[in-house]
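What follows is a set of notes on a single structure, which appears directly below.
The figures that follow rest on heavy atoms only: side chains count, while hydrogens, waters and symmetry mates do not.
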Amino acid sequence: MPSLRLGNTAPDFQAETTAGPINFHEWIGDSWAILFSHPGDFTPVCTTELGEVARRADDFAKRNVKVIGISANSLDDHHKWVEDINEYGAKYGPTNVQFPIIADADRKISTLYDMLDEQDATNRDSKGLPFTIRTIFVIDPKKVIRLTISYPASTGRNFDEVIRVIDSLQLGDKYKVTTPVNWNKGDDVIVHPSVNNDEAKKLFPDVTFHKQPYLRTTPLQV
């Protein structure tokens with residue numbers, strides 16, 4: 001099966017989750033979505049990650065983003081593990097995992113989204129079957145894949161970066177702009193190459209035209 005690429009429609013599926021059964025596309029609805037896999041329940045790095053995602057619930061809600069986790073574990077394990085996540089996470093701030101976690105013990109969804117670990121020989125279950133790596137899919141309301149990031153099992157993710165990219169994507173969808181290196185919300189943006197100079201002046205009164213004719217930057221108050 002070919003790998004999923006940016007611009008592909010995110011495959012639909014049905015799944016059992018800690019919040020009940022879902023149809024993925026119906027669950028997304030008119031929101032953005034993050035589907036992220038973790039190697040296994042009751043593991044240290046994953047415990048820190050899901051706690052952080054829970055603590056960032058308001059940040060995701062402000063951006064109309066729904067979050068859903070997945071691993072090759074059972075619902076019973078997920079429910080028990082959430083207690084650990086909340087308890088440990090409380091060391092860093094109020095932590096209450098409310099987002100659903102998919103039970104994918106048969107690895108059907110993990111295979112569909114090419115999430116299984118083909119590299120780390122230690123990231124296996126007792127039968128030698130691979131667990132998932134730390135994959136993130138950001139999916140827009142049209143169910144199009146807009147971002148994919150894969151981390152090895154040994155490295156926890158940076159969710160500041162995930163939120164930063166979502167800010168960039170949502171800004172670019174609404175305005176004719178792109179974002180430069182290390183951009184953060186509130187920084188100047190780049191006028192999209194499809195916008196000519198006359199249009200740029202009308203759309204962005206504070207635009208700066210640089211010596212390089214393809215570079216035009218502007219503040220953007222939103």
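Within the 4.5 Å cutoff, the side chain of Val144 has no heavy atoms near those of the Ile139 side chain. In this structure the side chain of His38 never reaches within 4.5 angstrom of the side chain of Val45, judged on heavy atoms.
Among all heavy-atom pairs drawn from Ser74 and Asp41, the shortest one is O-OD2, 4.3 Å.
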What donor-acceptor contacts under 3.5 angstrom involve side-chain atoms of residues 177-184, with partners at least two apart or in another chain?
from, atom 1, to, atom 2, distance (Å)
Thr179, OG1, Ser168, OG, 2.7
Trp183, NE1, Asp187, O, 3.3
Asn184, ND2, Asn182, O, 3.4

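With sequence neighbours left out, Asp106 forms a side chain to side chain contact (heavy atoms under 4.5 Å, CB included) with Asp104, Lys108.
The pair Glu199-Lys202 fails the salt-bridge criterion, with no side-chain N (NZ, NE, NH1 or NH2) lying under 4.0 Å from an Asp/Glu carboxylate O.
Proximity of a side-chain donor or acceptor of His78 to a complementary backbone N or O of Ile102 within less than 3.5 Å is detected. Proximity of a side-chain donor or acceptor of Asn8 to a complementary backbone N or O of Arg5 within less than 3.5 Å is detected.
How far NE2 of His25 is from OG1 of Thr9: 7.0 Å, rounded to the nearest 0.5 Å.
At most 12 heavy atoms of other shown residues, nucleotides or ligands fall within 6.0 angstrom of atom CD in Glu87.
A donor-acceptor pair shorter than 3.5 Å can be found between the side chains of Asn73 and Ser71.
Sorted by first then second residue, the side-chain hydrogen bond (donor to acceptor under 3.5 Å, both in side chains) pairs that include residues 206-215, not counting sequence neighbours, are His210-Thr217.
A cation-pi arrangement is absent between Lys66 and Trp32, since the terminal nitrogen or guanidinium carbon is not both under 6.0 Å from the aromatic centre and inside a 45° cone about the axis.
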